[in-house]
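Below is one structure, written out as structure tokens, with a few remarks after it.
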There are 2 protein chains.
Amino acid sequence: MPNNQFKKGELYSFITGKASTAIARRLQKKFNQANLNLTIEQWSVLYHLWKDDGRSQQELCNATFRDKPSITRLVDNLEKLQLVKRVASESDRRINRIHLTRQAMKLQEQAMALAEETLNDALEGVSPEHINLCKDVLQRVYDNLK
Amino acid sequence: MPNNQFKKGELYSFITGKASTAIARRLQKKFNQANLNLTIEQWSVLYHLWKDDGRSQQELCNATFRDKPSITRLVDNLEKLQLVKRVASESDRRINRIHLTRQAMKLQEQAMALAEETLNDALEGVSPEHINLCKDVLQRVYDNLK
DNA sequence: TTTGAATAGTTGTTTAACTAACTATATGCC
DNA sequence: GGCATATAGTTAGTTAAACAACTATTCAAA
């Protein structure tokens, strides 16, 4: 019996992700207060494009852990907001490369500062060792299930 | 500078909740394979009713960490599935008490076994100490933000 | 006792997730 | 070359979340 020592019945929030939901809500609130007209999901796509522009939709699926229809619609909405543009690949015409607009590039600094601020709010009073240990556990959980 | 020792830039999944999303997806898959016609969100409501039947919608909001419109619609759908019934409170006519049907009571054992199985899959190879520490960190995060 | 605030729940709108079914393009094998 | 298969992306339908605006009921204070 490998994992039977932890207290069952108290792990409800493990499944429902109360903590990450709370973080996302707090970040969304900060976006709204700053009049950044962005959803967290849209931010999560921009986050990866800011690091590496011109990814394909499939690459964004992998990076954001979303399926293809979700990315299709997120990119639809980001295009409507004029934050990204689909550019058909020359070498493989099945592929759209998603490129940031100048307007989206201007959002990076502010949005990332708010994200960092939110993480600091969330992790206040937690030691770096515990944070890293918790991160490792969550990564292991993810790896166990993929 | 309290929390500046951890590696920033690696905490994306903290915000996006990759681990809990993965757990929820795995549990949903198990429900589907078992022909349990239940969403994870519906399960999360039933979870609390199985522990304590007849809660008000507001109490379900608090327990499941959802807002009132979300609970209204979840209860709507659970009623359509004939798994719960709204019963108007006699003493306070603003309140609906949500009661399980016999059919819903019959689901408890199977659904909870699948949830436990999913947690065991997720936490395989993680020591009970690390699980509890991680749980405490997540609880602290939640408390920090509420 | 009435009026104003608080509480419980509902409804409408937008955004997103998941599944399944679909089109178009590319690739590999005969 | 031609055909099967895989890959990239879209569309449709259902469920759910967030927010704002709304109704009904309760409660407390003047």
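By convention in this document, chain letters (A, B, ...) are assigned in the order of the sequence lines, proteins followed by strands, and residues within each chain are numbered from 1. Predicted model, so just to flag it, every value in this text is computed and none were measured.
If you find the closest nucleotide of DNA chain D to B/Lys80 and to A/Thr21, the one lying nearer the 5' end belongs to B/Lys80. Residue-to-nucleotide proximity on DNA chain C shows that, of A/Asp92 and A/Ser70, the 5′-proximal contact is made by A/Ser70.
Side chain of A/Asn77, nearest nucleotide from D/dG9, C/dA16, C/dA26: C/dA16.
Across the protein-nucleic acid pair, A/Gln58 atom CD and C/dT25 atom P stand 18 Å apart, rounded to whole Å. In this structure, the CZ atom of B/Arg25 is 16 Å from the P atom of D/dA16, given to the nearest Å. The nearest whole Å value for the distance from the CZ atom in B/Arg93 to the P atom in D/dC27 is 12 Å. Atom-to-atom, CD of A/Glu79 to C1' of D/dG9 comes out at 13 Å; the value is rounded to the nearest Å. Computed from coordinates, the B/Leu74 CG to D/dT15 P distance equals 11 Å when rounded to whole Å. In this structure, B/Ile95 places its CD1 atom 10 Å from C1' of D/dT25, rounding to the nearest Å. Atom CG in B/Leu78 sits roughly 18 Å away from atom P in D/dT14 (whole-Å rounding). For the pair A/Glu90 CD and C/dA26 P, the interatomic distance rounds to 12 Å; values are reported in whole Å.
Looking at heavy atoms from C-beta onward, A/Arg86 lies in side-chain contact with A/Asp76 at the 4.5 angstrom threshold. Here the side chains of B/Lys146 and B/Phe65 are not in contact, with every heavy-atom distance at 4.5 Å or above.
Within a 6.0 Å sphere centred on CG of A/Asn37, heavy atoms belonging to other residues, nucleotides or ligands number 12 at most.
A donor-acceptor pair is defined here as one N or O able to donate and one able to accept, closer than 3.5 Å; such a pair exists between the side chain of B/Gln28 and the backbone of B/Leu38. B/Arg55 places a side-chain N or O within 3.5 Å of a backbone atom of B/Asp52 that can act as its donor or acceptor partner. The main-chain N or O of A/Lys135 is never found under 3.5 Å from a side-chain atom of A/Arg140 such that the two would form a donor-acceptor pair. In this structure, B/Glu116 contributes its side chain and B/Ala113 its backbone to no donor-acceptor pair below 3.5 Å.
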Could I get a table of every N or O pair under 3.5 Å where one atom is in the protein and the other is in nucleotides 10-12 of chain C?
from, atom 1, to, atom 2, distance (Å)
C/dT10, OP1, B/Arg86, NE, 3.0
C/dT10, OP1, B/Arg86, NH2, 3.3
C/dT10, OP2, B/Gln57, OE1, 3.3
C/dT10, OP2, B/Gln57, NE2, 2.6
C/dT10, OP2, B/Thr72, OG1, 2.8
C/dT10, OP2, B/Arg86, NH2, 3.3
C/dG12, N7, B/Arg73, NH2, 2.4
C/dG12, O6, B/Arg73, NH1, 2.8
C/dG12, O6, B/Arg73, NH2, 3.4

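Scanning residues 59-67 of chain B for heavy-atom distances under 4.0 Å to DNA chain C yields an empty list. Of the residues in residues 30-41 of chain A, those placing a heavy atom less than 4.0 Å from an atom of DNA chain C are A/Thr39, A/Glu41, in numerical order.
Here the options are A/Asp53, A/Leu60, A/Val45, the test is side chain to side chain contact (heavy atoms under 4.5 Å, CB included), and the partner is A/Ile98; only A/Leu60 passes.
For A/Gln28 and D/dC19, the shortest distance from a side-chain N or O to OP1 or OP2 is not below 4.0 Å.
With hydrogens and angles ignored, a donor-acceptor pair under 3.5 angstrom links the side chain of A/Arg94 to the base of D/dT7.
Partners of B/Arg66 under the salt bridge (charged side-chain N to carboxylate O under 4.0 Å, His left out) rule, at least two apart in sequence or in another chain, do not exist in this structure. Scored by the salt bridge (charged side-chain N to carboxylate O under 4.0 Å, His left out) test, B/Lys80 finds no partners at all (sequence neighbours excluded).
Sorted pairs that involve residues 100-110 of chain A and meet side-chain hydrogen bond (donor to acceptor under 3.5 Å, both in side chains), not counting sequence neighbours, are lacking altogether.
For the pair B/Lys30 and B/Asp121, the salt-bridge criterion is met [side-chain N within less than 4.0 Å of a carboxylate O].
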